[in-house]
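Report on the following structure.
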2 protein chains.
Amino acid sequence: MSQPGGPVLKLRLATAGGEWIGPGKADLLQHIAETGSIAAAGRRMGMSYKRAWGLVETLNAMFAGPLVVASRGGAGRGGAELTDDGAEILRLYRVMQDKAEVALEEEVLAIARRVVEPKRK
Amino acid sequence: MSQPGGPVLKLRLATAGGEWIGPGKADLLQHIAETGSIAAAGRRMGMSYKRAWGLVETLNAMFAGPLVVASRGGAGRGGAELTDDGAEILRLYRVMQDKAEVALEEEVLAIARRVVEPKRK
DNA sequence: TCCCGTTATTTCTGTGCGAACATAACGAAA
DNA sequence: TTTCGTTATGTTCGCACAGAAATAACGGGA
């Protein structure tokens, strides 16, 4: 458990097409996997359905195959889930996060030592 | 030499204060160190002086001490340079980049394999 | 047949951010 | 004193982007 106030390392993988996947889209994928719904995942993250849907559209366009498939209709049914590719991309991103946190710990701490801390009460 | 079109990994270190340092500010620091001028560094990066100056202001506010000191006046003289802290932060960021590239190579390649390539002629 | 929660899409609005422009202080050199 | 390139700061404008709201299609269940 690192101290809550410290700097946070964020990874972004930018493609030649000008798109990218970062913490936001990764979290969205995870919430879709957990809730089975684009709308519910968006609510969890405090974003509008339209924004969540747009991010999913971007993700699906970035990769050779869709990461999320959705189906309409049905009270209780109708929803979205990750494809195998989607689950794998999410998994790889989390692995990258974990590895980076370990490999770069020394430098992150060295920078953190010099960062001014936001006002302490 | 990785293939030119492949995804690029970008690191962003976000502080509790809502600020962050990423590829843009790191490059700006480097150009200031090389040119000795905020204005010249901004021109190199295709941004207005005001924007470059604003980024420098943000950087200086983020850390306990300024990363860039500037002096006015003088045709030929008058300019900016990195402080020891500034040089060290830049150095640490480049080390992070290098380490991340090595440590995450496997996952980056795995994701790259699934990324759709922008249209091929 | 009706209801409901979902996906999907359009339209409108505002607002935040950057670009562009303008201005001023500065200080060394000519 | 003038010139020149820099730092420093304010103002205005335009536009891309986000949010909100409305609408529609869908399909399972009651």
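Below, chains carry the letters A, B, ... as their sequence lines are ordered, and counting in each starts from 1.
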**Asked** Counting only N and O atoms by type, is there a donor-acceptor contact under 3.5 Å from the side chain of B:Thr83 to the main-chain atoms of B:Pro66?
**Response** yes
**Request:** Calculate the interatomic distance between B:Trp53 atom CH2 and C:dG18 atom P; express it in whole Å.
**Result:** 14 Å
**Message:** Rounded to whole Å, how long is the line connecting atom CD1 of B:Ile32 with atom C1' of D:dT6?
**Reply:** 13 Å
**Message:** Output the rounded distance in Å from CZ (B:Arg51) to C1' (D:dT9).
**Reply:** 17 Å
**Item:** Spacing between A:Lys50 atom NZ and D:dA21 atom P, to the nearest angstrom
**Value:** 13 Å
**Prompt:** Please give, in whole Å, the distance from D:dA20 P to A:Met47 CE?
**Reply:** 12 Å
**Prompt:** Under 4.0 Å between a side-chain N/O of B:Ser37 and OP1 or OP2 of D:dT7, yes or no?
**Reply:** yes
**Asked** Should the pair A:Arg94-A:Asp27 be classified as a salt bridge under the 4.0 Å nitrogen-to-oxygen rule?
**Response** yes
**Asked** Roughly, in whole Å, what's the span from CD in A:Glu81 to P in C:dT6?
**Response** 16 Å
**Prompt:** Quick one: are B:Leu13 and A:Val108 in side-chain contact, heavy atoms under 4.5 Å?
**Reply:** yes
**Nucleotide D:dT7, atom P - distance to CG of B:Leu28 in whole Å** = 11 Å
**Prompt:** So, A:Glu101 versus A:Gln97: side-chain donor-acceptor pair below 3.5 Å or not?
**Reply:** no
**Request:** Report the residue (B:Gly79 or A:Ser48) whose heavy-atom-nearest nucleotide on DNA chain D is the more 5′ of the two.
**Result:** B:Gly79
**Request:** Let me know the distance between OH of A:Tyr49 and P of D:dA20, rounded to the nearest Å.
**Result:** 16 Å
**side-chain N/O A:Arg72 vs C:dT6 OP1/OP2, d < 4.0 Å** = no
